[in-house]
2 protein chains.
Amino acid sequence: MLDDTCKTPDNCPVSRTLSIINGRWKGMILYHLQEEPRRFGALRRLLPDITQRMLTQSLRELEADGIVIRTIHAPMPPHVDYRLTDLGRTLIPLLDAMAEWGTAHPAEGAA
Amino acid sequence: MLDDTCKTPDNCPVSRTLSIINGRWKGMILYHLQEEPRRFGALRRLLPDITQRMLTQSLRELEADGIVIRTIHAPMPPHVDYRLTDLGRTLIPLLDAMAEWGTAHPAEGAA
DNA sequence: CAGCATCCGAGGAGATACTG
DNA sequence: CAGTATCTCCTCGGATGCTG
């Protein structure tokens with residue numbers, strides 16, 4: 001029974017989980033990091049409409065939450081990649097479930 | 001392979017799923033509607049910090065997305081309750097998974 | 001009881017220019 | 001290539017007051 005802990009977002013596990021993947025892009029970034037590490041430029045190509053600013057900011061926040069790790073492979077020319085941490089990997093079933101739900105229920109409310 | 005459909009939030013099933021439960025309160029509202037229909041005032045008591053404005057707005061958006069149904073049982077004095085639709089009920093496993101994840105991983109990144 | 005109308009501040013998010 | 005710095009807009013969400 002989580003009712004008692006779900007009076008305010010700060011105490012609610014559901015809200016805390018959501019707060020990690022909130023924002024316009026984080027879900028998609030995590031989605032693209034599921035299979036393999038990706039370079040900054042690779043993510044930009046996978047998400048054509050994201051700005052560098054939002055990609056950097058989103059990755060930094062995910063890093064601060066312990067979800068992704070940033071690895072510098074070469075300083076010059078710059079070569080950085082991002083991969084899921086072990087903690088981040090535990091989110092994969094959740095991402096899969098969301099992808100599945102979104103695929104199974106495409107905008108039924110808007111019909 | 002969802003990679004091709006996940007270039008922009010509008011096309012990404014993950015993002016579309018998230019867009020339904022986005023915002024500060026929707027996850028918690030849905031959580032409290034899992035078990036039984038709730039009256040407006042009951043939800044306010046379950047979520048002491050939410051404002052009427054945000055509760056109304058969140059419920060209206062969930063209604064527009066086909067996730068909850070608003071039922072007027074008596075016009076005067078007003079008696080309204082909210083319950084999950086069949087579509088809304090399909091979100092329960094997702095909510096459970098999020099609650100479980102949030103419980104299992106309490107702010108590890110902030111450690 | 002169950003709302004609606006209005007105002008307002010904080011921060012999410014985009015565009016653009018510059019850098020090691 | 002992989003960023004940082006600024007500027008700006010706009011939406012989210014809170015506060016308050018009023019209503020059938």
Side-chain angles (χ1 to χ4, degrees), chain A residues 6-12 14-16 18-30 32-33 37-65 68-83, chain B residues 7-12 14-16 18-30 32-33 36-65 68-83:
Chain A
C6 277
K7 292 185 175 180
T8 166
D10 297 332
N11 274 338
C12 182
V14 179
S15 295
R16 287 195 296 98
L18 282 172
S19 75
I20 288 182
I21 50 183
N22 69 355
R24 197 165 154 71
W25 299 101
K26 283 185 192 172
M28 299 176 65
I29 291 172
L30 291 175
H32 287 299
L33 290 179
R38 306 274 194 184
R39 297 184 57 168
F40 188 86
L43 287 171
R44 288 201 67 185
R45 278 187 295 280
L46 288 165
L47 304 170
D49 291 348
I50 200 173
T51 59
Q52 319 89 313
R53 175 181 148 76
M54 289 316 298
L55 181 54
T56 303
Q57 181 177 308
S58 301
L59 287 167
R60 289 295 186 285
E61 290 173 7
L62 289 170
E63 197 185 0
D65 284 329
V68 306
I69 289 185
R70 175 173 183 267
T71 307
I72 305 177
H73 291 283
M76 191 56 70
H79 182 162
V80 177
D81 77 22
Y82 296 86
R83 72 189 67 202
Chain B
K7 292 185 176 180
T8 166
D10 296 332
N11 273 337
C12 182
V14 178
S15 295
R16 287 195 297 97
L18 283 172
S19 74
I20 288 183
I21 51 183
N22 69 355
R24 195 164 156 70
W25 300 101
K26 283 187 194 172
M28 299 175 65
I29 292 171
L30 292 175
H32 288 298
L33 290 179
E36 47 181 325
R38 306 274 195 185
R39 297 184 57 168
F40 188 86
L43 287 170
R44 288 201 68 185
R45 278 187 296 279
L46 288 165
L47 304 171
D49 291 348
I50 199 174
T51 59
Q52 319 90 316
R53 175 180 144 77
M54 289 317 296
L55 181 52
T56 303
Q57 181 177 309
S58 302
L59 287 167
R60 289 295 185 283
E61 290 172 7
L62 289 169
E63 198 185 358
D65 285 329
V68 306
I69 289 186
R70 176 173 182 267
T71 307
I72 304 176
H73 292 282
M76 190 58 69
H79 182 160
V80 177
D81 76 22
Y82 297 87
R83 71 190 68 205

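Since this is a predicted model, take the numbers as computed values, not measurements. Quick note: numbers below take in every heavy atom, side chains included, and nothing from hydrogens, waters or symmetry partners. Every chain is numbered from 1 and lettered A, B, ... according to where its sequence line falls, protein lines coming before strand lines.
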| field | Phosphate OP1/OP2 of C/dC1: any B/Arg44 side-chain N/O under 4.0 Å | value | no
| said: Side chain of A/Tyr82 only, heavy atoms from C-beta on: which candidate in C/dG3, C/dG14, D/dG3 is closest? | reply: D/dG3
| note | Judged by nearest nucleotide, the residue sitting upstream toward the 5' end of DNA chain C, A/Pro75 or B/Thr56, is B/Thr56
| request: Using only side-chain N and O atoms of A/Arg39, determine if any of them is under 4.0 Å from OP1 or OP2 of D/dA2. | output: yes
| task | Would you mind reading off the distance between A/Ile50 atom CD1 and C/dG12 atom P, rounded to a whole angstrom? | result | 15 Å
| field | Separation of atom CE in B/Met54 from atom C1' in D/dG13, rounded to whole Å | value | 5 Å
| message | Just the rounded figure in Å: distance from P of C/dA13 to CD of A/Gln52. | response | 16 Å
| query | Using a cut-off of less than 4.0 Å, is there contact between a side-chain N or O of A/Arg24 and OP1 or OP2 of D/dT11? | reply | no
| said: Measure CG/A/Asp10 against C1'/D/dG13 and give the value in whole Å, please. | reply: 14 Å
| said: Checking B/Glu61 against B/Lys26 for the side chain to side chain contact (heavy atoms under 4.5 Å, CB included) test, could you report, in this order, the C-alpha distance in whole Å, the side-chain angles of both residues, the deciding distance, and whether it holds? | reply: CA-CA 9 Å; B/Glu61 290 172 7; B/Lys26 283 187 194 172; 2.6 Å; yes
| Atom CG in A/Asn11, atom CE in B/Met28: separation rounded to 0.5 Å? | 8.0 Å
| task | Check whether any side-chain heavy atom of B/Ile29 lies under 4.5 Å from a side-chain heavy atom of B/Tyr82, and answer yes or no. | result | no
| d(CD, B/Gln57; C1', C/dC4) in whole Å | 12 Å
| task | Find the distance between CD1 (A/Ile21) and CD1 (B/Ile21) and round it off to the nearest 0.5 Å. | result | 7.0 Å
| note | Taken to the nearest whole Å, CG/B/Leu55 to P/C/dC4 is 11 Å
| Starting at CZ of A/Arg60 and ending at C1' of C/dA13, how long is that distance when rounded to a whole Å? | 17 Å
| request: Measure from CH2 on B/Trp25 to P on D/dG13 and round the result to the nearest Å. | output: 10 Å
| said: On DNA chain C, compare the nucleotides closest to B/Arg53 and B/Gly41; which residue's is nearer the 5' end? | reply: B/Gly41
| task | Indicate yes or no: at least one non-hydrogen side-chain atom of B/Asp49 is less than 4.5 angstrom from one of B/Trp25. | result | yes
